[in-house]
Chemist: 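Can you read through this structure? Questions will come right after.
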2 protein chains.
Amino acid sequence: MHKRLRLGGHGLFPAGRDPEERCTTDERRIPEATVARLPLYYRALVEVAEQAVGTVSSEQLASLAGVNAAKVRKDLSYLGSYGTRGVGYDVDYLMREITQELGLTQDWPVLIVGLGNLGRALANYRGFGARGFRIVALVDADPEKVGQCIGEMTVETLGDLPAIVAERRVAIAVIATPAHAAQEVADRLVEAGVRSILNFAPAVVSVPEGVSIRKVDLATELQILAFYQQHREHV
Amino acid sequence: MHKRLRLGGHGLFPAGRDPEERCTTDERRIPEATVARLPLYYRALVEVAEQAVGTVSSEQLASLAGVNAAKVRKDLSYLGSYGTRGVGYDVDYLMREITQELGLTQDWPVLIVGLGNLGRALANYRGFGARGFRIVALVDADPEKVGQCIGEMTVETLGDLPAIVAERRVAIAVIATPAHAAQEVADRLVEAGVRSILNFAPAVVSVPEGVSIRKVDLATELQILAFYQQHREHV
DNA sequence: CGGTGTGAAGCCTTTCACAGCA
DNA sequence: TGCTGTGAAAGGCTTCACACCG
């Protein structure tokens with residue numbers, strides 16, 4: 001049996017709902033912080049499963065995932081109570097549940113926009129395609145780049161976005177363009193129907209409600225490290 | 001005048017302090033969440049400064065940095081009260097303060113370990129060296145790779161880490177190795193004297209107290225996006 | 001006036017600690 | 001006995017709202 005989950009107040013539901021109905025709704029939201037840790041647990045479980053162990057304790061999972069045991073238990077309890085007291089969690093079962101929850105049972109066609117150094121590296125990055133994520137298109141605005149082969153794919157033109165997204169059912173796109181192009185690319189992606197974006201460009205990109213965007217920013221990460229490093233040095 | 005800051009409760013100070021003393025201590029910790037946003041403000045300020053504007057309001061900064069105005073004001077108030085009521089913040093002055101705080105006035109020699117696809121891309125990534133970060137060494141364990149030229153640098157061997165770190169005063173290292181090598185590389189980095197690590201390998205890496213580590217994990221990011229995408233699709 | 005600086009409230013997350021169950 | 005599941009407490013972050021001041 002699988003219960004339906006509701007996510008944050010993204011305005012996807014009519015505002016004025018009958019209070020009765022709201023109470024009977026199977027309201028089981030998973031906190032963002034927990035969602036962000038599910039991939040860690042997943043990876044830890046893969047490791048455990050390789051060793052053909054039947055069960056794991058929250059303590060073991062915690063150490064493999066680099067968090068503490070209380071957090072593991074609380075997080076997993078949001079998915080449902082899949083553990084056995086006095087024993088631990090069944091590895092296979094838990095892995096199936098998390099796989100399910102993260103949507104890794106299905107195939108996710110991914111599109112990369114921008115094929116400079118970083119984009120090219122991402123295109124070739126094996127283990128990127130880790131479980132379900134499959135790069136199905138490379139797109140660039142530069143006519144020089146269009147037509148080039150990278151790995152086993154050919155770079156296509158930005159203008160074809162709508163067709164590419166529709167035909168190949170792209171749900172997730174990666175932006176690896178220079179900063180100044182990021183917002184326009186995002187707009188075109190959203191217009192083409194993409195609802196999830198991973199942004200590597202060092203720029204703030206905003207998207208309408210109902211679209212998810214996450215960013216990975218090297219310069220920012222280094223600057224944060226520099227902050228702590230500096231303040232350690234100055235005692 | 002510049003006040004000294006204290007960072008997190010890392011046990012650097014004796015626990016049982018005289019309450020009197022605690023009150024008089026210039027206790028001005030900057031919350032982690034705020035530190036993580038300083039780079040965004042910095043970038044926003046660079047943009048503003050290019051337009052030769054003298055002051056910015058928290059509202060303007062907020063929109064450029066993709067956060068809200070209250071957050072900007074609170075964050076900046078941790079650095080000190082550098083704004084002028086009714087006017088806003090002096091762009092140059094604020095930029096200098098943040099630059100100072102983030103430690104971007106000094107030069108940060110960076111080392112990259114692991115020169116697969118990703119490592120190579122990072123090595124060539126311009127704008128990585130954005131402000132103060134300078135790649136001073138490339139290191140790999142694979143004898144095949146040692147000696148190769150990437151950009152204007154030559155790949156060196158992992159065994160030389162201690163000498164490289166010491167001589168070139170490396171404070172920050174980037175791990176771009178396969179997952180299975182990450183922990184050992186981290187250990188060797190720490191032993192060699194590195195105190196800040198940015199980890200791109202999809203593995204949990206632990207470091208001793210006093211060393212900062214941050215991670216950038218593509219697979220995790222995609223999985224988080226997949227989670228929300230899936231839960232949107234299922235209504 | 002207009003916009004900062006900041007207590008206070010509210011929300012989210014983490015941690016604690018132990019009841020409850022195999 | 002051992003480990004999960006979970007209320008409750010604690011802590012941290014965000015947001016509000018307005019006093020204060022140039």
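For clarity, every value in this text was computed on a predicted model and none was experimentally measured.
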Chemist: Is there side-chain contact between A/F200 and A/D217, with heavy atoms separated by less than 4.5 Å?
Modeler: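 No; the side chains remain at least 4.5 Å from each other.
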Chemist: Considering heavy-atom distances to DNA chain C, does B/V87 or A/T34 have its closest nucleotide positioned more toward the 5' end?
Modeler: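 Here B/V87 is the residue nearer the 5' end.
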Chemist: Report the residue (B/V56 or A/A70) whose heavy-atom-nearest nucleotide on DNA chain C is the more 5′ of the two.
Modeler: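 Between the two, 5'-proximity favours B/V56.
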Chemist: Anything under 4.0 Å to a heavy atom of chain B counts; send over the first and last such nucleotide of DNA chain D, read 5' to 3'.
Modeler: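 Contact boundaries, 5' end first: D/dC13 to D/dG22.
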Chemist: To the nearest 0.5 Å, what is the distance between CZ (B/F227) and OG (A/S196)?
Modeler: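 Output value for this atom pair is 12.0 Å.
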Chemist: Once you round it to whole Å, what is the distance between P of C/dA22 and OH of A/Y89?
Modeler: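 Taking OH of A/Y89 and P of C/dA22, I get 15 Å after rounding.
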Chemist: What nucleotide, of C/dA19, C/dG5, C/dT13, holds the atom closest to the side chain of A/A33?
Modeler: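 Given the options C/dA19, C/dG5, C/dT13, the side chain of A/A33 is closest to C/dT13.
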Chemist: Using a heavy-atom distance cut-off of less than 4.0 Å, which residues of residues 57-68 of chain B contact DNA chain C?
Modeler: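 Listed by number, they are B/S57, B/S58.
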Chemist: Once you round it to whole Å, what is the distance between P of C/dA17 and CZ of A/R85?
Modeler: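 These atoms are roughly 19 Å apart.
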Chemist: Think B/R73 has a side-chain N or O under 4.0 angstrom from the OP1 or OP2 of C/dG7?
Modeler: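 The answer is no; no side-chain N or O of B/R73 sits under 4.0 Å from OP1 or OP2.
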Chemist: In whole angstroms, how far is the C1' atom of C/dT6 from the OH atom of B/Y82?
Modeler: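 In whole Å, C/dT6 C1' lies 17 Å from B/Y82 OH.
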Chemist: Whether A/Y78 contacts C/dC12 is assessed here as follows: a side-chain N or O lying under 4.0 Å from the phosphate OP1 or OP2. Is that the case?
Modeler: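 Result: no.
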Chemist: Carefully, step by step, assess A/R43 and B/T220 under the rule side chain to side chain contact (heavy atoms under 4.5 Å, CB included).
Modeler: CA-CA 9 Å; A/R43 208 152 63 198; B/T220 296; 3.8 Å; yes
Chemist: Calculate the interatomic distance between B/D75 atom CG and C/dG5 atom C1'; express it in whole Å.
Modeler: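 Between C1' of C/dG5 and CG of B/D75: 13 Å.
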Chemist: When you look at CD of A/E32, are more than 12 heavy atoms from neighbouring residues, nucleotides or ligands closer to it than 6.0 Å?
Modeler: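 No, the 6.0 Å shell around CD holds no more than 12 heavy atoms from other groups.
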Chemist: Do other residues, nucleotides or ligands put more than 12 heavy atoms under 6.0 Å from B/Q106 CD?
Modeler: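 It does: B/Q106 CD has more than 12 such atoms within range.
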Chemist: Quick check: closest heavy atoms across B/A179 and B/A201, and the distance to 0.1 Å?
Modeler: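 In this case the closest contact between B/A179 and B/A201 is CA-CB, 4.1 Å.
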Chemist: What is the distance, rounded to the nearest whole Å, between atom CG of B/L94 and atom P of C/dT4?
Modeler: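 Checked: the CG to P distance equals 11 Å.
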Chemist: Taking the ring of B/Y93 and the ring of B/Y82, is the distance between their centroids below 6.0 Å?
Modeler: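 Yes.
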Chemist: If you take all heavy atoms of B/N199 and B/A182, which pair is closest and at what distance?
Modeler: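 It is OD1-CB, 4.4 Å.
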Chemist: Show your working on side-chain hydrogen bond (donor to acceptor under 3.5 Å, both in side chains) between A/Q229 and A/E233 and close with a plain yes or no.
Modeler: CA-CA 6 Å; A/Q229 176 82 28; A/E233 286 172 5; 3.1 Å; yes
Chemist: Calculate the interatomic distance between A/E32 atom CD and C/dC11 atom C1'; express it in whole Å.
Modeler: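 Going from A/E32 (CD) to C/dC11 (C1'), I get 13 Å.
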Chemist: In whole angstrom, what separates A/K71's NZ from C/dC12's P?
Modeler: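 These atoms are roughly 17 Å apart.
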